[in-house]
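Written below as structure tokens is the structure these notes are about.
Computed from a predicted model, the values in this text were never measured in an experiment. Order of the sequence lines sets the chain letters (A, B, ...), proteins ahead of strands, with each chain counted from 1.
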Amino acid sequence: MTTAKSCWLLKSEPDTYSFDDLMRDGETLWDGVRNAQAANNLRAMAVGDPALFYHSGAGPGVVGLAEVSAPACPDPGDASGRFVAIRIRPVRRLARPVSLADIKAQPGLAGMALVRQGRLSVSPVSAEEWALILQMAGT
DNA sequence: GCCAACGTTGGC
DNA sequence: GCCAACGTTGGC
């Protein structure tokens with residue numbers, strides 16, 4: 001029996017770590033998450049799960065696709081032991097970025113965790129939402 | 001720069 | 001255990 005992969009959305013301030021940085025690095029440790037709900041989402045990720053790479057800040061939106069390359073491990077920067085990190089690698093840049101405004105204007109995406117919980121930095125994306133966003137990106 | 005949302009901290 | 005104060009995130 002095959003299990004469908006879960007899809008995710010990862011937020012980053014491009015000034016801190018951009019999709020270009022990920023393309024350049026080839027792989028990175030996704031650490032520094034300090035929110036219990038986001039950490040739970042990280043724990044639920046499996047190697048090979050696809051993720052939308054989202055830039056927050058000015059001109060917020062989804063800019064690229066990434067993929068989980070290593071499962072959750074303790075965040076090396078966290079002394080409390082409560083938080084975890086994963087590894088991701090870049091897949092490709094989107095043909096056209098999908099802005100937050102585009103997402104909000106799309107009725108089919110009104111239920112996205114990104115929209116409903118603006119501050120959550122690691123969130124699940126349904127298969128339907130994933131397909132819609134790729135379509136909007138002119139994939 | 002402002003503000004809303006929301007998590008965390010600390011007094012009680 | 002409640003709640004006010006405060007800090008942070010992130011959109012605009």
- request: Could you run through nucleotides 7-12 of chain C and give me one letter per nucleotide, 5' to 3': B if any protein heavy atom sits under 4.0 Å from the base, S if only the sugar-phosphate is that close, - if neither?
  value: BBBSSS
message: Can you list everything that forms a side chain to side chain donor-acceptor pair (under 3.5 Å) with A/Trp8? Sequence neighbours excluded, please.
response: A/Asp49
query: Is the backbone N or O of A/Gln37 less than 3.5 Å from a side-chain atom of A/Asn35, with the two atoms forming a donor-acceptor pair by type?
result: yes
message: Under 4.0 Å between a side-chain nitrogen and a carboxylate oxygen: does that hold for A/Asp75 and A/Arg82?
response: no
field: Nearest atoms (heavy-atom pairs only) where A/Ser12 meets A/Tyr17
entry: OG-O, 2.5 Å
Sequence neighbours excluded and cut-off under 3.5 Å, please list the side-chain donor-acceptor pairs for residues 61-68 of chain A, or say none.
from: A/Glu67; atom 1: OE2; to: A/Arg89; atom 2: NE; distance (Å): 3.3
from: A/Glu67; atom 1: OE2; to: A/Arg89; atom 2: NH2; distance (Å): 2.5

